[in-house]
**Q** 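Here it is: the structure, laid out below.
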Amino acid sequence: MRWIDGIRARLALLFGRRAAEERMDEEIGFHIEMETERLVREEGLEPVEARRRALVAFGGVEGHKEALRDGRGLAWLSGLSLDFKLGFRMLVKYPGLTIVGGLAMAFAIWAGSVTFVLVNQFLNPTLPLPHAERIVRIRNWDAAANEEEPRALSDFLAWRGGLRSVADLGAYREISINLIAGSEAGRPLRGAEISASAFRIAPEAPLLGRALVPGDERPGAAPVAVLGYEVWRTRFAGDAGIVGRTVRLGDTQATVVGVMPEGFAFPVAHELWTPFRPDAIVPAPREGPAIQVFGRLAPGVTIQQAQTELAAMGRRAAAERPDTHRHLQPRVARYTDPATASMDDMALMGSFNVFAVMLLVVICSNVALLLFARAAGRESELVVRSALGATRGRIVAQLVAEALVLGAVAAVVGLALAQLALRDWGVEFLERNLGALPFWFNLNLTPGTVLYACALTLLGAAIAGMVPARKITRGLGSRLKQGTGGGGGVRFGGVWTAVIVTQVALTVAFPAVTFTVQREAARVRSLDPGFASGEYLRVQLDSEVGADTAAQMARFAAAVGTLRQRLEAEPGVAGATFVDAVPLDHHNGRRIELDAPSGPSAAAGPPLANPVVRTAAVDPSYFDVLKAPVMAGRGFGAADLGPDAHVVIVDQGFVDRMLRGRSPVGRHLRFLKRGEQTPEPSAPWYEIVGVVRDLGMNSAYDDDRAAGVYLPAAPGRELPLNMIVHVPGDPMSLAPRIREIAAEVDPMLRLTELQPVDQVTSANLWILGMWFKITLLLTGVVLLLSLAGIYAVLSFTVARRTREIGVRVALGAPRARVVAAIFRKPLTQVGAGITVGFILVTAAAYIAVGHRPDGAPRDPDAALTMGNIALLVANALVMLAICMLACVVPTRRALRVQPSEALRAE
């Protein structure tokens, strides 16, 4: 066991380093003293001369010490602590570099950590349930249509009776339902009609009462409900006696039998549970409601074995019912696996991590420039260390350790900021884009995230420390012989030139991105709906009964009509109307064909070929409620709702863009199908009967002024529907009363998206605001890096050319010419960077023009107007001026160089 003894001995030397160093000093001192005494005794030399010759004969003392330390095997570890201490001293000694470099690396680690957390939540989420790896989801996949077939109730009954590899098989159906307690009705709840087995798969003990049990699923069982914690706390003020109380769920009276604890939201993000009763429904294959099926793998069964059994059942079903099941393929997968995400989607998500790593590499390459300039300033120190016996690897390790200390500080800051961003921005950003988040989403830093950040830190430190260290330590021994006044022979080569040019280019490009985001936010904020939108309340109406039958639609239409009558009778309500898309929100884009102009107006030129317009279906009272009188022609009337009426009203944008100001009244148009350039001959022509002013057809997605076309429609024809209520004053004050009236009119009527019309774009503004903050922060980081890099290069140049400057000034050279000669190269680099940045922004403006939502291409020339070019040039000049600020201090230092100073440098 010699290797164990060796490790023990080396560890003893490592942790007893001070004693070992003392023994090594004593040993070396002993040898030198013995040789000194021998020279005095045998050759009769003076003690001083004898000691000098003994030292010369011994060789470099420090070199021997380093060799002995290396011989311990773990000496590098003991020396590393000294390097870290020196690294911390460097942070304090160079505060500017610490702030700039640390901030840049912290930003890169922040971006990497946030990306890692978000991507992991989509690609590899962790289900916070016991034996989560065995919980599965079963789906029917239509191979012919390449999509999921959610109408799987008949198959679920077959699987439940025959599938042996999956236990606790259950299903649920999504519901959005009104919970009415007394006369109070809040927002519709996200509920699930779910099998009782769900509470065995997610075995959370109820906070009050009980969970659902198999007896609740029997046909004819009394309606019951289990409440989520937030519903119990907000709707019932945490009433401890809620169990046994009767509430109304839509049309049904149900008894509350339990309350689940805080955080329980199985199966996805649900807040209310009622029994799922599949036996009460006998649907035909591929009919019935959309359901989701879940279960747990039986003991000892793998997911592949379950898939094999399920596939066999699928083949039998296909043979028995080929008309409906020929293309159906039942599949079993992990519970959190996305149903429709392709491999390309998954690869795209994973590539975000690659982008974050590339961002780190770019930023740390810039930090390496700063560290190189600092190391170049310490060249004399490094040369002396080399002369005293320090190997090149030892010096490189010290410089890398200094970078690692800087990276460690940046990692702490970056992780702290990442946690704040995920908590304050992450949840809201995802919920605004994806809706309620699944209960397994965990937007907190995990040990895996910390390890990932540590890996990023090591990579960043290796780039920022290793590259300049290897450059600065190349040929240290020969540089000692050169002994030049300014230090050694280190030069900024082509790599650093490329880094500086890239920095400056990004300095020009990122402000343009920030400006674009801010301008887009200003454009959205300035959208004019054409009426006093702050006095109008938008209410989205839906129904639990669906729109499957004429009877259901008739019930919905009747409820909508009654609701309007009740609201218009309320004090403070000036009117109510209906529209399929509210002003400032997205409106459908459709291509139209206009009839040929005739009469004197034809001389103004032909109309546009198949132009795109925005459309809205409105109640005939729409313009009256919005206080938008018809400017020409007439408005809609009840007779226009007939199937053969075929009339439309256009807005002023339509007149200006499509007819170049000519009167549209009496003209005709017809709609083309999406993706087609010619209309069907049977497509009806619509007569334009009126003109109104622009009323918010421009949504947040439209860059240009929209051309709007309004079609008459009776409220209640389609689901969902938007109701607009005119409430002078604070429209939100009417929201509770509207819910109360709606619950009285029809409990199946659901009210969602209650908000003032002027806040329709608030979600867009929030997202734009978030991007503005991120791009502004990135712009600041890039700008700081550029300034620090340029300053470091110029300072280094002045330091190295001190003697030259002094001699030139002493010989009478004009100071301006001297300075120009010195700064010609840095100024060239800055100019090249600005040129590259200008080209990048120009190219992006042309390439990233995108397409309109309806597929129509944008005008590329619109991307770079003269105004935009002027702004871009102004941006480049401002960035040039800011970059030149970094030259001020080195320039002043160069002008102050005196001949005597140059001689001292020599």
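Atoms considered below: every heavy atom in the structure, side chains included; atoms not considered: hydrogens, waters and symmetry mates. What you see is a predicted model, and the numbers here were worked out from it, not measured in a lab.
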**Q** Quick one: does Arg525's side chain have a donor or acceptor within less than 3.5 Å of a partner on Leu765's backbone?
**A** no
**Q** Quick check: do Leu443 and Arg423 have side-chain heavy atoms less than 4.5 Å from each other?
**A** no
**Q** Rounded to the nearest 0.5 Å, what separation is found between the OG atom of Ser113 and the CG atom of Leu417?
**A** 10.0 Å
**Q** Given Thr514, which of Leu776, Leu777, Ile774 fulfils the side-chain contact (heavy atoms from CB on, under 4.5 Å) condition?
**A**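 Of the listed residues Leu776, Leu777, Ile774, the side-chain contact (heavy atoms from CB on, under 4.5 Å) partner of Thr514 is Leu776.
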**Q** So, for Thr775 and Phe772, which heavy atoms are closest and what is the spacing to 0.1 Å?
**A**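 Heavy atoms of Thr775 and Phe772 come nearest at OG1-O, 3.0 Å.
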**Q** I need the Leu207 CG to Arg233 CZ distance, nearest 0.5 Å.
**A**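 Here the interatomic distance stands at 12.5 Å.
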**Q** Which pair of non-hydrogen atoms, one from Ala265 and one from Phe439, has the smallest distance, and what is that distance?
**A**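 The answer is CB-CB, 3.6 Å.
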**Q** Report the distance from atom CG of Leu422 to atom CG of Leu445, rounding to the nearest 0.5 Å.
**A** 6.0 Å
**Q** Side-chain contact test, heavy atoms from C-beta onward, threshold under 4.5 Å: evaluate it for Tyr229 versus Pro261 and give yes or no.
**A**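 The answer is no; the side chains never approach within 4.5 Å.
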**Q** Find the distance between OG1 (Thr115) and CG (Leu359) and round it off to the nearest 0.5 Å.
**A**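 Here the rounded value is 8.5 Å.
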**Q** Do Leu129 and Phe266 touch side chain to side chain, with heavy atoms closer than 4.5 Å?
**A**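 With C-beta onward as the side chain, the pair touches.
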**Q** So which atom in Ala356 and which in Ala111 form the shortest heavy-atom distance, rounded to 0.1 Å?
**A** CB-O, 4.4 Å
**Q** Any side-chain heavy-atom pair from Thr446 and Asn120 closer than 4.5 angstrom?
**A** no
**Q** For residues 401-411, pull every pair meeting salt bridge (Lys or Arg N to Asp or Glu O under 4.0 Å), keeping only residues two or more places apart or in separate chains.
**A** Arg374-Glu402, Arg378-Glu402
**Q** Tell me whether the rings of Tyr172 and His270 are parallel (<30°), tilted (30 to 60°) or perpendicular (>60°).
**A** perpendicular
**Q** Determine the minimum heavy-atom distance between Phe441 and Gln121, stating which atoms define it.
**A**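 It is CA-OE1, 3.3 Å.
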**Q** Looking at side-chain heavy atoms only, is the closest gap between Asn124 and Arg334 below 4.5 Å?
**A**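 A side-chain contact under 4.5 Å exists here.
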**Q** Do Trp110 and Val413 touch side chain to side chain, with heavy atoms closer than 4.5 Å?
**A**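 No, their side chains stay 4.5 Å or more apart.
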**Q** If I compare all heavy atoms of Ala269 with all of Arg190, which pair ends up nearest, and what's the gap?
**A**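 The pair with the smallest heavy-atom distance is O-NE, 3.0 Å.
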**Q** Angle class for the Tyr335/Phe294 ring planes (parallel below 30°, perpendicular above 60°, tilted otherwise)?
**A**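 Judged by the thresholds at 30° and 60°, the geometry between Tyr335 and Phe294 is perpendicular.
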**Q** Give the minimum heavy-atom separation between Gly465 and Leu371, together with the two atoms involved.
**A** N-CD1, 4.4 Å
**Q** Glu148 pairs by salt bridge (charged side-chain N to carboxylate O under 4.0 Å, His left out) with which of Arg139, Arg331, Arg137?
**A** Arg139
**Q** Is there a side-chain contact between Tyr452 and Val117 (heavy atoms, below 4.5 Å)?
**A** no
**Q** Starting at CG of Leu437, measure out to CG of Asn442 and round the result to the nearest 0.5 Å.
**A**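 Separation between the atoms: 11.0 Å.
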**Q** So, taking the atom named CD in Gln304 and the one named CG in Leu297, what distance separates them when rounded to the nearest 0.5 Å?
**A** 9.5 Å
